[in-house]
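Note that ligands are numbered from 1 as they come in the structure, with each ligand's atoms numbered from 1 the same way.
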Amino acid sequence: MTAFTTKELEDALTAKLMVNFGKTAEEAGDAEMLRACALVLRDAMALRSVETRKETRREKKKKVHYLSLEFLMGRSLQKNAYNLGVLPQMKEALEHLGFQAGDIFELEPDAGLGNGGLGRLAACYLDSLSTLEIPAAGYSICYDLGIFKQKIVEGQQVELPDSWKGIGSAWLLPKPEEAQQIRFGGTLREFWDDGHLHIVQEGGTTVLAIPCDMEIAGYNTRHTNTLRLWDAKSPKPVDMSLYSKGEYFKATEDEAMAEVIAKVLYPEDNHIEGKSLRLKQQYFFVSATVQSIAEKHLAEFGTLVNFHEKNVLQINDTHPALVIPELMRILIDDAGMEWDQAWFITTHSVAYTNHTVLAEALEKWPQDLFQQILPRIWQITVEIARRWQETCENFFHDMEKVRDTAVIWDGVVRMANLCIAGGMSVNGVSALHSEILKKDVFKNACAMEPQKFTNVTNGIDHRRWLAEINPRLHSLVCDLTGGERYLMEPEALKQLDDYAADREVLIRLADIKRKNKEDFAAYAKKQQGVFLNPDAIFDVQVKRLHEYKRQLLNVLHIIALYQRLQDDPAAITQPHTFLFGAKAAPGYAVAKRIIHLINSLADQIDHDPICEDKLQVAFLENYRVSLAERLMPASEVSQQISTAGKEASGTGNMKFMMNGALTVGTLDGANVEMHDVLGDENMFLFGLRSDEAAAVRREGYVSQRLYNRDPVLHRVLDALKTGFRDGVNYEDLYQRLLFGDRGGPADEYLLLADFQAYCDAEKRMAQTYADPAKWNEMSLHNIARSGIFAADRAVRQYADNIWHVPHR
Ligand code: 26Q
């Protein structure tokens, strides 16, 4: 299975350095060596990918196409070397050639082509798709700039562009000969020809989509799939003849419009701004993808009539929803099918995963924009909407429900309803979330087509998120569960439960955590100059900054602790370090204020001698995949404290659990299923349940009552108004919690309602921490029972229940 021996790798690297840079290993620097490593592995994977495609074709296998506007890949060198089974050889070859493997790995930029959970999920699933030997491909945009780089300047977030391609592009293989043309705007001309109505789009702008392929090697298999990233180019070089006609600028404008499409990832997470460029991005990547799939299918089978038998298109939220009208367009306009046949094929090819119930994240596009940018797609969408609405009217005979399920209403296109109408499957990403979709968000649509609705609880790539990033824990797991078996069978982790009373094992586990904390502290010191005390509890909340995730609740509790310490410096015996990492969408002012607040509080505590060796807050700059990889193994407490009903699943929660951190959390998203396997005794649950939170809102929640009733809470909120030693006050956040602003409700996410319960949970947690035997036992149970959260399990469920494709 090994792709290379150490010697072969050394030779291959030396040759690559020579061909690409005209340098020997002695002359080359780290960056050049990194590129050489990537190119050598890319070659090996390209070969395997060709073999995989050949076999897929030979056996006429059904293919899975995973469409997502985001793939948060992170780094690839270590991962690919690992999956190719050459990580030890690679490290050795590098050392032989005079390089430090660790330095080379550290130099690789993250491919940050995603915002957070949804994008990272797609990346984890790619690993499982290859490892489980499912013929599959991922599709997205080859953004020039991924998620912005975050700097904290005077306590505030500053965004810098993330150009990852300098080195990161070594993984990409451009295939210009497989380019597709994408049409925008223009007008439609209809004409009859041999009994058929033809529609052609005239004028407008054409953009070229150039595929840049990134190979995804499976673990313990030669199976290799491809992530196809579309780059945008203008089809015509700037026409210099226009220069003399004074139309030069128009020509360059067209070119600029083309190339801006793949320029930058939209940095909004769970929030939508209806920008026309975003709609263009969506159609650009969807159209290129569907055209390329249809083209290959035609080449293979000579017809599109059996398209749905050989292809399934899984769409990651509604962002690629335009696949539905685009596939209809190709089947009708290009393949000449009748509507009904095209609709049958489409509705048996597309499957939709929903990732959010937040109203502000449900995608809606103004009809005018849609119509102007995508005239033919608009026409088809209107017809889909008309027929769907007719079905709804006949089913419900109820105007209210017809309105609720409509694809187009009030001049707005609702992408989720389009996906429900045009897809064969609708799934949520945790048991609770899928129930909420069925009983609440999509209840009317579900009454019509209950068979479409299902659940697939998210999972994470456990090979990356345990074996690769936590080698110490990996070797303990291997020692106790029969070697590396768990890498292919994550449920084997379960065997760890047998050691719950084994003192020696628990001490080894504690030791591992301790060493990982020391490593992380050293890293934080080096990267950010912050000193972290490895004797303190590492209590961590890392995720995108959003009000529903309630980082502010965490802060309120820390302020309460701080105030207690003012009254009684002996109130804290166990040192406690709170770590935060979070990016805020650049336009999300409240989220940015919360980041500022965390930094103000960190500074206050840092300068107060009472807190020394007792209480600390640190904001980790630029939270990203590669930082998470260092942090997870060192974390002891995982904060998963969203308002119940709001976090669709969470996947960070799973990463912490798998690395032995204990969860302080609400019964939300996948926390519910963590609780199912762990019980009350192995996590720290608190707060309103999802149905209770809904009831509290219905019955008229008044946060001020809690403020007036609870003196601790009162004092904490008053501290927001005053601010801290840096002189910044947070009266705006105080206002938002107690009175609401801009017409919004006060404390929309029920922080005050859960405050006391949260403080209690943190107290229980700290008390448990004081009993290391107990704590380590709980930690062991968490690792042991995390197997169900492996992406392999999730991908098998998709394969069995939605895609109907075989797998390992
Ligand atoms: C859409 C249109 C225009 C601009 C931006 C967007 C947009 C971009 C990203 C909307 C939403 C997102 C991201 C959503 C997301 O990450 N959701 C998370 O998905 C995870 C994987 O299923 C879940 O675990 C999280 O609970 C959920 O919040």
Side-chain angles (χ1 to χ4, degrees), residues 66 68-72 112-125 140-141 143 146-147 264-283 285-286 314-322 352-366 369 413-416 419 427-434 436-437 455-461 543-550 582-583 585-588 640-656 665-666 668-674 690 789 791 794-795 798:
Y66 197 94
S68 177
L69 264 284
E70 310 190 8
F71 283 87
L72 192 47
L113 311 183
N115 276 286
L118 167 146
R120 182 56 230 175
L121 186 78
C124 284
Y125 284 0
S140 192
I141 293 173
Y143 302 105
I147 187 68
V264 57
L265 166 81
Y266 273 82
E268 280 87 35
D269 178 278
N270 274 307
H271 180 84
I272 286 161
E273 282 177 68
K275 293 279 159 55
S276 74
L277 179 59
R278 168 77 182 191
L279 187 62
K280 286 179 189 161
Q281 285 187 333
Q282 293 183 353
Y283 183 67
F285 125 83
V286 158
Q314 184 71 44
I315 61 175
N316 206 18
D317 216 294
T318 55
H319 316 157
L322 294 170
Y352 155 55
T353 305
N354 173 284
H355 296 266
T356 185
V357 299
L358 298 185
E360 66 269 33
L362 286 178
E363 240 187 327
K364 297 180 173 73
W365 290 101
L369 189 73
V413 188
R414 301 160 174 180
M415 305 307 257
C419 292
N427 77 282
V429 290
S430 72
L432 174 67
H433 169 60
S434 295
I436 292 173
L437 292 184
N455 171 248
V456 182
T457 299
N458 283 168
I460 58 171
D461 170 6
K543 48 183 79 249
R544 285 296 290 255
L545 202 309
H546 203 294
E547 286 167 283
Y548 84 81
K549 294 176 187 284
R550 301 201 293 190
K583 287 176 181 173
Y588 190 173
Q640 308 300 336
I641 59 177
S642 51
T643 315
K646 297 295 178 187
E647 189 70 273
S649 162
T651 43
N653 47 1
M654 302 170 186
K655 293 162 198 164
F656 282 106
T666 47
D668 199 15
N671 298 354
V672 174
E673 288 148 271
M674 288 170 51
S690 157
F789 297 113
V795 167
Y798 279 100

Looking only at protein heavy atoms, identify the closest one to [atom] and say how far it is in Å.
atom	value
atom 24 (O) of ligand 1	Gly650 N, 2.8 Å
atom 12 (C) of ligand 1	Asn270 N, 3.5 Å
atom 25 (C) of ligand 1	Glu647 OE1, 3.3 Å

| query | Between Asp461 and Ala123, is there a donor-acceptor pair closer than 3.5 Å when you use the side chain of the first and the backbone of the second? | reply | no
| Flag, side chain of Ser434 to backbone of Gly428, donor-acceptor distance under 3.5 Å | yes
For ligand 1, does [X] get within less than 4.0 Å through its side chain, its backbone, both, or neither, judged by non-hydrogen atoms?
X	result
Tyr548	side chain
Val429	side chain
Glu70	side chain
Thr353	neither
Arg278	side chain

Quiz question: by atom type and distance under 3.5 Å, do the side chains of [X] and [Y] form a donor-acceptor pair?
X	Y	result
Asn115	Glu70	yes
Tyr588	Asp269	no
Asn458	Thr651	no

What distance do [X] atom [atom1] and [Y] atom [atom2] have between them, rounded to the nearest 0.5 Å?
X	Y	atom1	atom2	result
Arg550	Thr643	CZ	OG1	4.0 Å
Cys419	Arg414	SG	CZ	13.5 Å
Asp317	Thr353	CG	OG1	8.5 Å
Asn427	His355	CG	NE2	7.5 Å

| query | Of all the heavy atoms in His433, does at least one lie under 4.0 Å from an atom in ligand 1? | reply | no
| Can Ala361 be said to touch ligand 1, with heavy atoms closer than 4.0 Å? | no
Using a strict cut-off of 4.0 Å, indicate which atoms of ligand 1 neighbour a heavy atom of [X].
X	answer
Ala648	26 (O)
Asp269	13 (C), 16 (O)
His319	1 (C), 7 (C), 8 (C), 9 (C), 10 (C), 11 (C), 12 (C)
Glu268	5 (C), 7 (C), 8 (C), 9 (C)

| So between Leu118, Leu358, Leu72, Asn653, whose heavy atom ends up nearest atom 19 (O) of ligand 1? | Leu118
| said: Which option wins on minimum heavy-atom distance to atom 22 (O) of ligand 1: His355, Arg120, Glu363? | reply: His355
| field | Criterion side-chain contact (heavy atoms from CB on, under 4.5 Å) on Glu673 and Leu432, from CA distance to verdict | value | CA-CA 9 Å; Glu673 288 148 271; Leu432 174 67; 5.9 Å; no
| message | Quick check: Asn458 and ligand 1, any N/O pair under 3.5 Å apart? | response | yes
| said: Are any of the N/O atoms on Lys549, whether in the backbone or the side chain, positioned under 3.5 angstrom from an N/O atom of ligand 1? | reply: no
| request: Might you work through the side-chain contact (heavy atoms from CB on, under 4.5 Å) test for Leu279 and Tyr283, ending with a clear yes or no? | output: CA-CA 6 Å; Leu279 187 62; Tyr283 183 67; 5.8 Å; no
